[in-house]
There are 2 protein chains.
Amino acid sequence: MATMQDVARQAGVSIATVSFVLNGTKAVTEPTRKRVEAAMAELGYRRNPAGSALARGRTDIIALLYPALQRQLHATATRFFTSAAERAQERGFSLVMWPAANEAHEIDELTRSGLIDGVLLMEVQLEDERVEALRKGTTPFALIGRTQDPTGLPYVDIDFEQTVVSGIEELVARGHTNIAFLYDHSGPSTLHAYGAIARASRTFRDTIAQSGLSGVTVDCGETPRAGREVGEMFREKHPDVTAVLIMNELASPGFMTGLRQAGTLVPDELSVLSLVSSDTVASMCDPELAFMRAPAEELGRLGTDAVIDRITKPDSALPHRLVPCQMVPGSSVGPTSAVGD
Amino acid sequence: MATMQDVARQAGVSIATVSFVLNGTKAVTEPTRKRVEAAMAELGYRRNPAGSALARGRTDIIALLYPALQRQLHATATRFFTSAAERAQERGFSLVMWPAANEAHEIDELTRSGLIDGVLLMEVQLEDERVEALRKGTTPFALIGRTQDPTGLPYVDIDFEQTVVSGIEELVARGHTNIAFLYDHSGPSTLHAYGAIARASRTFRDTIAQSGLSGVTVDCGETPRAGREVGEMFREKHPDVTAVLIMNELASPGFMTGLRQAGTLVPDELSVLSLVSSDTVASMCDPELAFMRAPAEELGRLGTDAVIDRITKPDSALPHRLVPCQMVPGSSVGPTSAVGD
DNA sequence: TTGTATGCGTTATCAA
DNA sequence: TTGATAACGCATACAA
């Protein structure tokens, strides 16, 4: 563990010069820089993060604050973690996992710990006291998700509105005019829940109304089992519906199973399009689902970039970035066979 | 951001005394301790990690080193991350995510960075140059998984041997004597791959041989699609097999779909038991799978404990902990209907 | 262009 | 039992 002192001695310069070379802080003549660099290489010098942090007042560590109490963190969450950590690394930061219940005082704990320079907050709710806590504090942060009114807040989120509209268009293009929207009405628990559900369902209702379509919302808990029950009863309860938008990844395989057991043919009798889902889950279904892929990796990157930008360029514009899901075709969607075809 | 100086001044003592109180380093009389504690509370004092790290030569941060190139990190991985981070927090450490390709020099990078006190290495392979790199270095570490010969290495792993044996027993108890073992023969990519596959398949062969049963291994890639193809052909290719052990979580839903499409009834004609799986995936299948649950949370905790113990008690015994999967009943397993019943 | 010297916040040694 | 004080490794204002 060579120190700057060691490098300085080896190169025959002062410790300050080593610092200048290391950080590019000030100009250094070519020959001396060469000497310093040679010395660093020879000694295998690595800057000590603790010393650096102490002197600079920054640790170059950001925290990914995620809900520890969450019942189900699905595959999307993992993709998200991974890309966030990778991006942080690329930009010279480290990312620590910070499990937390959804309480404001934990935010204060974290921001006052002095360990981290910024916070990336997952699973933002429409009304979120943690966001208030962050807003009141001085620690840079960014949200994955949005509160009810995210004006003045730095965030990155899925464009649920756009995703729902695209989904509906996809179905309408195939002649569907009577569409169901399936999601958890009770209390969702997944990565994009809360705001996600609220925005998507509102968009569904609005779009249906504006375009003169028929629409209905269907409640379904976030488990395969709940999905199965709903699937079994679906035809019976909604005889006129020819297509379903399902925004409930965990329930989707069960829903498909339920449909099959009730003899409801997909896509012949009913088309199914899963919103905000993943290749993994979609391909586990029978038939394989057409779905709109959650941009998990992109959000991880963008979210990390957002926090780091807040830290390094506090005066830059607040990021307000929405990323829509992308359509992935599958065999669960087909033309309508409703009367009139 | 009050410092020790501030606290000391407020309490009318020296900075050293504050340190003693804070760390319990030395005895302090009751009244002065009270005064110091009062001052800390009043100022909302929090120890500065950078200063502390510099003075102590320790950061109280551990790295979770996971393979960035991994194709599929499934639900189990998320449960693992989460419990590891929580446990670290409980013990006063932070856990940073450290994406890394599977290369030894990245280990050196990390251990020389000075940022972390210890490493938790995921996805250990039977022959693993990263493990060699860790072994040669001085940074405390623990493995999730095992190399070929893990003697002398601190590790925590799933007890694959026990899990396979239990799985076989479960089937034998229902009269099955002709059992298939399905896994990815090519190049597995999941959390417990490599060693996992090697150990499990060997145990399968050995157990079958020793107990006079009939057994066959079946190759299947780690995707639902691959599972489906194998499922469709299964009855035809293995007419005498009455039960399947499947150690390939991602393929399992597809496998069930394939069986169904080929008209192979589960469990009437064929019993299916999934090894090293999760509630989420098992319940996505039709019928819902009986499975052996991967002890992800427990491994996360134990792994974190293992590293931290290596850091704080270097002379303690090396942890060699194996945790078996636990049986979770499901409707995919039934008594054999083979000739002779 | 390079060097000197101070401070960042804590810990721990040595005195008192 | 408590207090001065010297590290810890680095960054930087100020001098040279």
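Owing to the predicted nature of the structure, the values given are computational and were not obtained by experimental measurement. In what follows, chains carry the letters A, B, and so on, assigned in the order in which the sequence lines appear, proteins first and then strands, with residues in each chain numbered from 1.
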| So does T32(A) get a side-chain nitrogen or oxygen closer than 4.0 Å to the phosphate oxygens (OP1/OP2) of dT2(C)? | yes

| query | Where the side chain of T25(A) is defined as all heavy atoms beyond and including C-beta, which of dT11(C), dT4(C), dT12(D) is the nearest nucleotide? | reply | dT12(D)

| Sidechain-backbone polar pair: D159(A) side chain, L322(A) backbone, donor-acceptor under 3.5 Å | no

| said: Between R33(B) and dT1(D), is there a contact of a side-chain N or O with OP1 or OP2 at under 4.0 Å? | reply: no

| request: Compare side-chain N and O positions of R56(A) against OP1 and OP2 of dT12(D) and report whether any pair is under 4.0 Å apart. | output: no

| request: Among the candidates dG3(C), dG3(D), dC10(D), find the nucleotide nearest to the side-chain atoms of A16(B). | output: dG3(D)

| query | Under 4.0 Å between a side-chain N or O of S52(A) and OP1 or OP2 of dG9(D)? | reply | no

| request: Look at the side-chain N and O atoms of S19(B) and state whether any lies under 4.0 Å from the OP1 or OP2 oxygen of dA12(C). | output: no

| note | Contacts of E30(A) and A50(B) projected onto DNA chain C by closest heavy atom; the upstream (5') one is E30(A)

| task | Using atom CG of L115(A) as one end and atom P of dT10(C) as the other, report the distance to the nearest whole Å. | result | 14 Å

| Between atom CG in N23(A) and atom P in dG9(D), what is the gap in whole Å? | 17 Å

| said: Can you measure N48(B) atom CG to dG9(D) atom C1' for me and round it to whole angstrom units? | reply: 14 Å

| request: Whole angstrom is fine here: how far is it from CG in D6(B) over to C1' in dC8(C)? | output: 13 Å

| message | What is the separation between atom CG on L54(B) and atom P on dA11(D), rounded to the nearest whole Å? | response | 12 Å

| said: Can you tell me how the ring of F81(A) sits relative to the ring of F81(B), calling it parallel under 30°, perpendicular over 60° and tilted otherwise? | reply: tilted

| remark: Considering only heavy side-chain atoms of K26(B), the closest of dT10(C), dC10(D), dC14(C) is dC14(C)

| said: Whole angstroms only, please: what is the CZ-P distance between F20(B) and dT1(D)? | reply: 12 Å

| remark: With the side chain defined as heavy atoms from C-beta on, I15(B) is closest, among dT5(D), dT2(D), dT2(C), to dT5(D)

| request: Please examine the side chains of E129(A) and I107(A), heavy atoms only from C-beta on, and report whether any two atoms are closer than 4.5 Å. | output: no

| query | What integer distance in Å separates L22(A):CG from dC10(D):C1'? | reply | 9 Å

| field | Residue closer to the 5' end of DNA chain D, A27(B) versus G51(B) (nearest nucleotide) | value | A27(B)

| Do other residues, nucleotides or ligands put more than 12 heavy atoms under 6.0 Å from R112(B) CZ? | no

| query | Donor-acceptor pair, S52(B) side chain versus P49(B) backbone, under 3.5 Å? | reply | no

| said: If we ignore hydrogens and angles and just use 3.5 Å, is the side chain of T304(A) paired with the main-chain N or O of A84(A) as donor and acceptor? | reply: yes

| task | Kindly point out which of dA11(D), dT2(C), dG9(C) is positioned nearest to the side chain of T3(B)? | result | dG9(C)

| query | How would you label the contact of V13(A) with the nucleic acid (heavy atoms, under 4.0 Å): base, sugar-phosphate, or nothing? | reply | sugar-phosphate

| task | Rounded off to whole Å, could you give me the CD-to-P distance for the Q5(B) and dT5(D) pair? | result | 12 Å

